[in-house]
Amino acid sequence: MTATETGSRLWNISTNPSTSPTPSAERDAILANPGFGRNFTDNMVRAKWTADKGWRDAELVPYGPLLLDPATNFIHYGQAIFEGLKAYRHADGSIKTFRPFKNAQRFAASARRLAMAELPEELFVASIEALVRQDHEWVPTDAEKTLYLRPFMFSTEIGLGVKPADSYEYLLIASPAGAYWPKGLKPVSVWLSDDYVRAAPGGTGEAKCAGNYAASLIAQAEASQHGCDQVVWLDAAERRWIEEMGGMNLYFVYGSGDSARLVTPRLTGSLLPGITRDSLLTVAADLGMRADEGQISVEDWKEGCESGEITEVFACGTAAVITPVGEVKSRTHGSWSVADGGTGPVTSRLRQELLDIQTGVIPDRHNWLHAIC
Ligand SMILES: *Cc1c(COP(=O)(O)O)cnc(C)c1O
């Protein structure tokens with residue numbers, strides 16, 4: 001039984017775990033080579049919301065299939081949101097998560113945008129504590145391996161009427177994760193999407209919702225057809241301003257050494273406000289680098305690389321941490337490479353610093369870690 005005090009409210013998550021968990025030899029084999037999002041732990045947490053009773057029935061239960069009525073509202077109209085964060089094993093054996101209340105706040109903001117019920121932040125974090133404590137043996141011990149946590153929520157009202165649903169289900173599942181990119185920390189090539197946009201002003205770009213991903217897949221496929229690893233999104237109105245790369249935010253490095261300066265596209269409402277992005281603004285400043293939010297156009301990117309003013313570009317997000325961008329291709333703006341197309345020193349330094357904070361190698365100077373067990 002896990003209980004988290006929230007001042008006025010106490011969230012109880014009743015615990016009814018699997019009675020036939022994965023044998024340890026089998027689990028160890030999975031943890032030796034987990035990949036990403038392929039294997040799941042023995043249990044999950046779920047909770048229900050109904051308009052009349054609010055949130056209730058939070059419980060930890062064996063991981064398993066869901067039974068859905070074919071007229072379940074979200075399958076048709078897409079009220080579905082998710083989050084992604086990780087549990088890290090530290091050298092002393094303890095397990096921590098990174099800024100989970102930030103994910104909880106963003107989850108609530110995503111719910112508001114999709115006219116869904118908001119999960120209380122304390123229940124979100126309590127669900128993570130309950131699942132990670134129960135399935136703690138699934139948190140890998142090797143460096144660079146983590147337990148990826150996937151909270152998500154969808155409407156469960158049955159019926160084809162188009163309106164905000166009167167019932168929702170929240171679920172939390174967990175998946176051991178190795179390096180996100182199977183080929184290692186190798187710069188990616190990106191395709192500038194001239195034709196498709198991810199998000200428009202007034203749309204759902206700020207929400208972490210399933211539909212944003214559905215709408216992005218065709219552009220990702222187009223990127224692959226052009227030999228690129230990832231798609232880069234431009235703003236919908238002018239098709240000029242750089243927004244994001246796939247499911248990650250972007251950073252541009254100007255200059256080098258002591259004069260290195262970072263710029264990340266500012267949050268206009270159509271970008272997803274990444275927690276890694278936010279953390280790096282602080283980490284860069286800690287390391288004595290200026291880091292600002294700004295606007296970068298396609299021409300700025302191309303000319304900056306040609307003049308040598310832009311020395312590095314990288315993408316950031318929870319799943320892959322930091323990924324260098326080496327090459328840019330597009331249909332209407334030509335192709336160019338970022339410096340020599342390799343991994344630059346600022347990218348490597350920031351990546352190491354952030355990983356060291358997350359894994360407890362250096363002090364948690366901003367109180368970002370949340371101890372679980
Ligand atoms: C989740 C996500 C990110 C990264 O957010 P983090 O909180 O850093 O993991 C960036 N862009 C999109 C579109 C995303 O869905």
Side-chain angles (χ1 to χ4, degrees), residues 36-37 78 80-88 97-111 113-114 121 124-125 128 146-153 175 177 180-181 188 190 193 196-200 203-220 223 229-236 241-252 262 264-284 291 293 313-323 325 347 350-351 353-355 357-358 366 368-370:
F36 183 82
I81 58 172
F82 66 97
E83 271 301 326
L85 68 166
K86 287 172 168 176
Y88 304 86
T97 51
F98 185 72
R99 309 185 76 185
F101 283 94
K102 279 274 181 196
N103 295 90
Q105 286 158 14
R106 189 171 65 189
F107 197 57
S110 298
R113 177 61 184 83
L114 270 76
E121 286 172 28
F124 180 98
V125 175
I128 287 167
T146 59
L147 184 64
Y148 182 78
L149 303 165
R150 170 51 62 88
F152 60 107
M153 179 166 55
S175 173
Y180 187 80
W181 306 110
V188 293
V190 299
S193 180
Y196 301 108
V197 294
R198 190 189 84 93
T204 57
E206 247 177 359
K208 214 166 170 74
C209 64
N212 287 346
Y213 276 75
S216 77
L217 299 176
I218 190 169
Q220 180 59 45
D229 301 302
Q230 286 288 314
V231 60
V232 163
W233 303 107
L234 305 177
D235 77 293
W241 305 103
I242 307 295
E243 297 208 322
E244 298 188 58
M245 179 189 97
M248 301 175 81
N249 295 110
L250 284 167
Y251 267 89
F252 294 77
L262 288 98
T264 187
R266 71 181 165 81
L267 302 175
T268 56
S270 51
L271 280 75
L272 197 289
I275 294 161
T276 316
R277 173 192 180 279
D278 181 73
S279 305
L280 286 173
L281 284 170
T282 301
V283 169
E293 302 179 87
V313 177
F314 63 84
C316 62
T318 298
V321 194
I322 284 183
T323 300
V325 176
T347 302
L350 285 168
R351 184 173 191 278
E353 186 78 6
L354 183 60
L355 279 170
I357 294 172
Q358 290 170 332
H366 300 291
W368 282 340
L369 299 181
H370 179 81

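All ligand and atom numbering here is 1-based and tracks the order in the structure. FYI, the numbering just counts along the sequence from 1.
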Polar contacts were defined as any N/O atom of the residue lying under 3.5 Å from an N/O atom of the ligand; does this apply to [X] and ligand 1?
X	value
Lys208	yes
Glu244	yes
Arg277	no
Gly246	no

Per-atom contacts of ligand 1 with [X], taking only distances under 4.0 Å to non-hydrogen atoms:
X	value
Arg106	5 (O), 6 (P), 7 (O)
Gly274	5 (O), 6 (P), 7 (O), 8 (O)
Thr318	6 (P), 7 (O), 8 (O), 9 (O)
Tyr213	12 (C), 13 (C), 14 (C), 15 (O)
Arg198	13 (C)

Using the test salt bridge (charged side-chain N to carboxylate O under 4.0 Å, His left out), find all partners of Glu353 that sit at least two apart in sequence or belong to another chain.
Arg349, Arg365

Is the Phe124 ring parallel, tilted or perpendicular to the Phe107 ring (thresholds 30°, 60°)?
tilted

Do [X] side-chain atoms and [Y] backbone N/O form a donor-acceptor pair below 3.5 Å?
X	Y	answer
Arg113	Gly203	yes
Lys86	Thr318	yes
Arg150	Glu83	yes

If you count heavy atoms of other groups shown closer than 6.0 angstrom to CD1 of Ile218, is the number above 12?
no

Could you find the nearest protein heavy atom to atom 8 (O) of ligand 1 and give me its residue, atom name and distance?
Thr276 OG1, 2.6 Å

What's the spacing between Leu355 CG and Ile322 CD1 if we round to 0.5 Å?
8.0 Å

Would you check whether Gly247 reaches within less than 4.0 Å of ligand 1, judged by its heavy atoms?
yes

Under a 4.0 Å N-O cut-off, is there an ion pair linking Glu243 with Arg198?
no

